[in-house]
Amino acid sequence: MINEKRYRVLITYSLFPTSIGWCGVLTTQRGLLRLYAGYAERNQLLNHIAGAVDSHIKKVPATGIVIDKIKRYCSGKHVSFEGCKMDWSSLSPFQQKVLKAALKIPYGSVETYGNLARTIGCPHGSRAVGNALAKNPFPLVIPCHRIIRGDGKPGGFSAGGGVMLKNKLLQMEQLSLQKNR
DNA sequence: AACCCGCCCAACT
DNA sequence: AGTTGGGCGGGTT
């Protein structure tokens, strides 16, 4: 449960619609705390956030560099999220390792769970990698949708929208690259 | 410490 | 196209 007292910081939230559904961010002064993406209804997203947060948090306008990038990414642009400040404080060392490795997968390309496990020095940890990615607090920004199964199937996707959204994002990235060739 | 689960994988059938 | 056993981190009791 997300709690301002535990984090010892103020948390604010913003909601905004995109072409892949309603998105939202939770932010502290340390940076991005949570990112939600792909909700069909604004209220679904609101309920989800309300269920994850243990205190009253302040709503702020959906502006700023990160939100801007998310909006541009969702509209099919080739966006780099490099330089986005994120609050990693609630994540285990293993999860941080997995997510930071995932961050290096370039726009428009994919990697398998097994290969990612190998690159972080955990050769038989594919399933553990999947577990860590399932709890990715920053979908889109950390492109967990670019990690697929070894047999070519998409695998799972726990962010709003599920595997449908995962496929849509991959397709969107392919299309964007083809256009700019 | 034991137990269970999960965005998996390779090697089978 | 299913099934099986292995493998791993993390949460729960």
Side-chain angles (χ1 to χ4, degrees), chain A residues 1-8 11 18-26 30 32-41 44-45 47-55 70 73-74 76 79-81 84 86-177:
Chain A
M1 187 71 81
I2 299 169
N3 184 312
E4 287 186 332
K5 283 180 189 143
R6 181 159 69 84
Y7 281 89
R8 298 169 174 280
I11 302 174
T18 72
S19 64
I20 64 160
W22 279 88
C23 297
V25 297
L26 263 50
R30 286 199 286 263
L32 195 57
L33 184 64
R34 286 288 144 80
L35 171 54
Y36 302 89
Y39 288 76
E41 304 286 341
Q44 288 178 356
L45 173 54
N47 287 339
H48 200 117
I49 292 176
V53 177
D54 196 12
S55 47
I70 297 170
Y73 173 82
C74 291
V79 172
S80 159
F81 289 103
C84 287
M86 288 173 271
D87 190 335
W88 300 86
S89 60
S90 69
L91 308 178
S92 75
F94 180 80
Q95 199 176 4
Q96 292 190 29
K97 251 207 299 200
V98 171
L99 295 178
K100 281 171 182 169
L103 202 44
K104 292 183 184 151
I105 305 172
Y107 186 95
S109 64
V110 293
E111 182 56 281
T112 66
Y113 293 98
N115 277 338
L116 197 65
R118 246 161 273 148
T119 65
I120 62 167
C122 190
H124 300 286
S126 51
R127 200 157 185 183
V129 165
N131 268 334
L133 292 173
K135 295 174 201 145
N136 177 12
F138 319 111
L140 310 186
V141 170
I142 291 181
C144 59
H145 58 280
R146 293 180 197 145
I147 294 111
I148 62 175
R149 291 177 23 163
D151 63 5
K153 289 182 180 158
F157 197 63
S158 59
V163 184
M164 298 284 286
L165 179 58
K166 185 172 188 173
N167 286 324
K168 189 172 177 180
L169 292 174
L170 292 174
Q171 192 185 335
M172 197 175 77
E173 294 189 6
Q174 293 295 327
L175 225 66
S176 173
L177 287 188

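Every chain is numbered from 1 and lettered A, B, ... according to where its sequence line falls, protein lines coming before strand lines.
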Within this structure, what is the NZ-CG distance for the pair Lys135(A) and Leu91(A), rounded to the nearest 0.5 Å? 10.0 Å
Determine the interplanar angle of the His145(A) and Tyr73(A) rings, folded into 0 to 90°, and report it as parallel if under 30°, tilted if 30 to 60°, perpendicular if over 60°. tilted
The contact string for nucleotides 6-13 of chain C, one letter per nucleotide 5' to 3', using protein heavy atoms under 4.0 Å with B, S and - for base, sugar-phosphate only and none, comes out as BBBBS---
For Phe94(A), ring pair (Phe, Tyr, Trp, His ring centres under 6.0 Å) partners two or more places apart: none
Could you give the distance from CD1 (Ile147(A)) to CD1 (Ile105(A)), rounded to the nearest 0.5 Å? 4.0 Å
Any side-chain heavy-atom pair of Val53(A) and Ile11(A) under 4.5 Å: no
If you measure from the P atom in dG6(C) to the same atom in dC7(B), how many Å do you get, rounded? 22 Å
Want to know the stems of DNA chain C: at least 3 consecutive Watson-Crick or G-U pairs with distances under 3.5 Å, which are they? B:1-6 with C:8-13, B:8-13 with C:1-6
Separation of dC9(B) atom P from Ile148(A) atom CD1, nearest Å, is 9 Å
From CE (Met86(A)) to CD1 (Ile142(A)), nearest 0.5 Å: 5.0 Å
To the nearest 0.5 Å, atom CG of Leu32(A) lies from atom CG of Leu26(A) at 8.5 Å
Could you measure the distance from the CG atom of Asn3(A) to the OG atom of Ser90(A)? Nearest 0.5 Å is fine. 12.5 Å
Residue whose closest nucleotide on DNA chain B lies nearer the 5' end, Arg118(A) versus Cys144(A): Cys144(A)
